[in-house]
Amino acid sequence: MDELDRLYRLLVETIRSQQPELLTRPFEVADIYQALLPYRLHRRALGLETNSDYEMTLLRLLSGERGYVIGDEEMQEALRRELTTPNPDPGAFRGYASSHVALAADAVRRLDQQGYAPGVGAPTPAASPVVVPRVVPAAAPPPRAPAIPPAPAGLPPMRSPVSSPSLQQTMSSPPRSTTAEALGGHCRYCNGALPAGRRLTYCPHCGQNLTVQHCPACNTELEVGWKFCTTCGRSVAEA
């Protein structure tokens, strides 16, 4: 785990503990370095020696490196170009203070699957990482169906409530897959060429989920092909 991973993990931890609504809602770039993760308050947890190191790491995060955050394409492209210059300006992101970014849902999900435990700070370089096992609560027993009283004489028996096995099957089913041809041959996140003739769920270059898209207004995860957001009603086709 390097400085970019530590910055991202601490950002997710802070949002979960202080403003959990931001896990699924866009927020301004300035919120990160002014309120959520100011360097003066998180220097030890981040393991960064100077403010310049902090700004350079934040510049990498906001540029979209490793697919941790989703933001304005123009902003992220400009920050990526800045990173390729011989002497990049670490504070270049401050010119986009009012631009909005959001945590990539797939990246947060992968972090949870790796055993991320809320409340555990990121280790500093001088200390050995502490492995915290993820505690999985025991599954609760399924609720019993309510007893159906016998029907009075002369009346037909009452039917049992109809369960919804299709809903449970949908929730437990694996992610859908699609083809490179259906996606135009390129990843819409990193523009990497997709292997033809294979069923795909995640991009082999950046790891993003290719079978979903996000609402441009509220960042709700939607299936590819949906025309309107199920949360705010925004037209996805117009974005």
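Only heavy atoms go into these numbers, but all of them, side chains included; no hydrogens, no water, no symmetry mates. Just so you know, these numbers come straight off a predicted model, no measurement behind them.
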Indicate the atoms forming the closest heavy-atom contact of [X] with [Y], along with that distance.
X     : Y      : result
Thr14 : Leu37  : OG1-CD2, 3.6 Å
Ala97 : Tyr33  : CB-OH, 3.4 Å
Ile70 : Gln76  : C-NE2, 4.1 Å
Gly67 : Ala104 : O-CB, 3.3 Å
Pro26 : Ala102 : CA-CB, 4.0 Å
Leu36 : Gln19  : CD2-NE2, 3.8 Å

Heavy-atom side-chain proximity of [X] to [Y] below 4.5 angstrom:
X      : Y      : value
Met1   : Arg9   : yes
Leu194 : Pro204 : yes
Glu77  : Glu74  : no
Pro88  : Met56  : yes
Leu62  : Ile32  : yes
Pro20  : Ile15  : no
Leu61  : Phe93  : no

So does Glu73 have more than 12 non-hydrogen atoms from other groups sitting under 6.0 Å from CD? no
Is the count of non-hydrogen atoms from other residues, nucleotides or ligands lying under 6.0 Å from Arg198 atom CZ greater than 12? no
Could you walk me through whether Arg60 and Glu3 pass the side-chain contact (heavy atoms from CB on, under 4.5 Å) test, one step at a time? CA-CA 10 Å; Arg60 293 170 57 193; Glu3 62 275 6; 3.0 Å; yes
Can you check side-chain contact (heavy atoms from CB on, under 4.5 Å) on Val108 and Tyr68, steps first, answer last? CA-CA 8 Å; Val108 175; Tyr68 284 159; over 6 Å; no
Check against side-chain contact (heavy atoms from CB on, under 4.5 Å), Met75 and Val101: CA-CA 10 Å; Met75 176 196 71; Val101 293; 3.7 Å; yes
Spacing of [X] atom [atom1] and [Y] atom [atom2] [to the nearest 0.5 Å]:
X      : Y     : atom1 : atom2 : result
Leu59  : Leu4  : CG    : CG    : 10.5 Å
Leu79  : Ser99 : CG    : OG    : 9.0 Å
Leu103 : Arg25 : CG    : CZ    : 11.5 Å

Taking 4.0 angstrom as the limit, do [X] and [Y] come out as a salt bridge?
X     : Y     : answer
Arg80 : Glu65 : no
Asp2  : Arg66 : yes
Asp53 : Arg43 : no

Do Val29 and Leu23 belong together in a cluster built from hydrophobic side chains that touch within less than 4.5 Å? yes
Backbone N/O of [Y] and side chain of [X]: donor-acceptor pair under 3.5 Å:
X      : Y     : answer
His100 : Gly71 : no
Glu82  : Asp89 : yes
Tyr39  : Leu48 : yes

Between Thr50 and Glu55, does the side-chain contact (heavy atoms from CB on, under 4.5 Å) criterion hold? Intermediate values first, please. CA-CA 9 Å; Thr50 66; Glu55 290 186 336; over 6 Å; no
Any side-chain donor near an acceptor of the partner, Arg109 and Gln114, under 3.5 Å: no
